[in-house]
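Every chain is numbered from 1, with letters handed out A, B, ... down the list of sequences. Only this structure's heavy atoms are used, side chains among them; waters, hydrogens and symmetry mates stay out.
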Amino acid sequence: MTSTRRVFVERLLDWYHENGRHALPWREDSRTAFEILVAEVLLQRTTASAVEGAYVSFVARYPTPACLVAAPSDRLVDAIEPLGLTKRAGHLERCSAQLWERYAGRVPAERTALLSLHGVGEYTARSVLIHAFGEHTVAVDTNVRRLVSRFFGIDPHSDALGETADALAPEGRSGDFLHAMLDFAASVCRAREPRCDSCPLRTRCRRFESGRASRIERSQ
DNA sequence: AAGTCGGGGAT
DNA sequence: ATCCCAGACTT
């Protein structure tokens, strides 16, 4: 682990301790693996604040795969409609049926098994492994991709990004670290107008440093 | 590899 | 008006 990588991880975890969205309902320790899986599906291409308004009532009504399969499809669609991408109602329905048929209604703790579920791709599978089963890895979503590509100066579409990200996960704190990157990328290292002026990582950030170099260039 | 889904908040 | 959001599925 290089010095720069260590700084990245430690400053991010420090920032998260002070500024993280710790009250999000799907982050509660009491959540079951299925409740976590449902959260990850609802969060696909959807802001956390939007999911916040629908999540608690959703998992209260459909706490298990059996409950979800037994529900009328119309009700599922209604519950997801305010979030958009309503085909996720059908995804959750099929996924729950697969959980019931193949895994006796339990969420499997293996990546390949999770990937076989309808509506579960690479990000969702890894996120469930991390948050429900404490696995030592990283999941790469748009936030992680943007943050890591900017800070380390890596092409966001390259294979190197995933490998770099995976090597960062701190032992025993993969869950906190992923949440830290998500929250940090959502409020500081934003897609549009990142808040570099108040960024605790800027002294080591490749993107900020290259921006500074070109600003100095222009001012002379 | 590209196209599609989607309502809602932010700018 | 446009961009963006804890992506994955279909073609």
Atom pair distance, as rounded to whole Å: [atom1] in [X] and [atom2] in [N]:
X        : N      : atom1 : atom2 : result
A:Leu83  : B:dC5  : CG    : C1'   : 14 Å
A:Arg45  : B:dT4  : CZ    : P     : 15 Å
A:Leu37  : C:dA6  : CG    : P     : 18 Å
A:Arg88  : C:dT10 : CZ    : P     : 15 Å
A:Leu42  : B:dG6  : CG    : P     : 14 Å
A:His91  : B:dT4  : NE2   : P     : 16 Å
A:Gln44  : B:dG7  : CD    : P     : 17 Å
A:Leu147 : C:dC5  : CG    : P     : 13 Å

| query | Relative to the 5' end of DNA chain B, which residue comes earlier, A:Ala50 or A:Arg190, by the nucleotide with the nearest heavy atom? | reply |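 Result of the comparison: A:Ala50.
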| query | When you match A:Arg192 and A:Leu85 each to their closest nucleotide on DNA chain B, which lands nearer the 5' end? | reply |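 Counting from the 5' end, the first nearest nucleotide belongs to A:Leu85.
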| message | Is it the case that over 12 heavy atoms from other parts of the model lie below 6.0 angstrom from the CZ atom of A:Arg173? | response |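 Atom CZ in A:Arg173 is not crowded, with 12 or fewer foreign heavy atoms closer than 6.0 Å.
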Given [options], the nucleotide with the shortest approach to the side chain of [X]:
X        : options             : value
A:Lys87  : B:dG8, B:dG6, C:dA6 : B:dG6
A:Arg146 : C:dG7, C:dC5, C:dC9 : C:dC5
A:Ala191 : C:dC4, C:dC9, B:dG6 : C:dC4
A:Leu182 : C:dA6, C:dC5, B:dC5 : C:dA6

| Any N/O donor-acceptor pair, A:Arg145 side-chain to C:dA6 base, under 3.5 Å |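 It does not, because no donor-acceptor pair links the side chain of A:Arg145 to the base of C:dA6 below 3.5 Å.
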Could you tell me whether [X] contacts a base, only the sugar-phosphate backbone, or nothing, with contacts defined as non-hydrogen atoms closer than 4.0 Å?
X        : answer
A:Thr142 : sugar-phosphate
A:Val41  : nothing
A:Gly84  : base

| task | Supply the atom-to-atom distance A:Leu83 CG to A:Phe58 CZ, rounded to the nearest 0.5 angstrom. | result |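 The distance works out to 9.0 Å.
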| task | State, without any angle test, whether A:Arg21 and A:Ser187 hold a side-chain donor-acceptor pair at a distance under 3.5 Å. | result |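 No.
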| field | A:Ser116-A:Gln98 side chain donor-acceptor pair, cut-off 3.5 Å | value |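 No, no side-chain donor-acceptor contact under 3.5 Å.
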| query | What is the ring orientation for A:Phe151 with A:Phe8, classed by angle as parallel under 30°, tilted 30 to 60°, or perpendicular over 60°? | reply |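 Aromatic pair A:Phe151/A:Phe8 classed tilted.
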| task | On the 0 to 90° scale, with breaks at 30° and 60°, tag the A:His179-A:His131 ring pair as parallel, tilted or perpendicular. | result |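 If you compare the ring of A:His179 with that of A:His131, the planes turn out parallel.
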| Same-atom distance (P) from C:dT11 to B:dG6, integer angstrom |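 The same atom, P, in both gives a distance of 14 Å.
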| Pairwise P distance, B:dG3 and C:dA6 [rounded to whole Å] |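 24 Å, rounded to whole Å.
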| task | Ignoring backbone atoms, test whether A:Thr46 places a side-chain nitrogen or oxygen under 4.0 Å from the OP1 or OP2 oxygen of C:dC5. | result |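 No.
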| request: Return no unless some side-chain N or O of A:Thr124 is found under 4.0 Å from OP1 or OP2 of C:dG7. | output: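 No, because none of the side-chain N or O atoms of A:Thr124 sits under 4.0 Å from OP1 or OP2 of C:dG7.
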| field | 5′-ward residue of the pair A:Gly119/A:His131 relative to DNA chain C | value |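 So the residue in question is A:His131.
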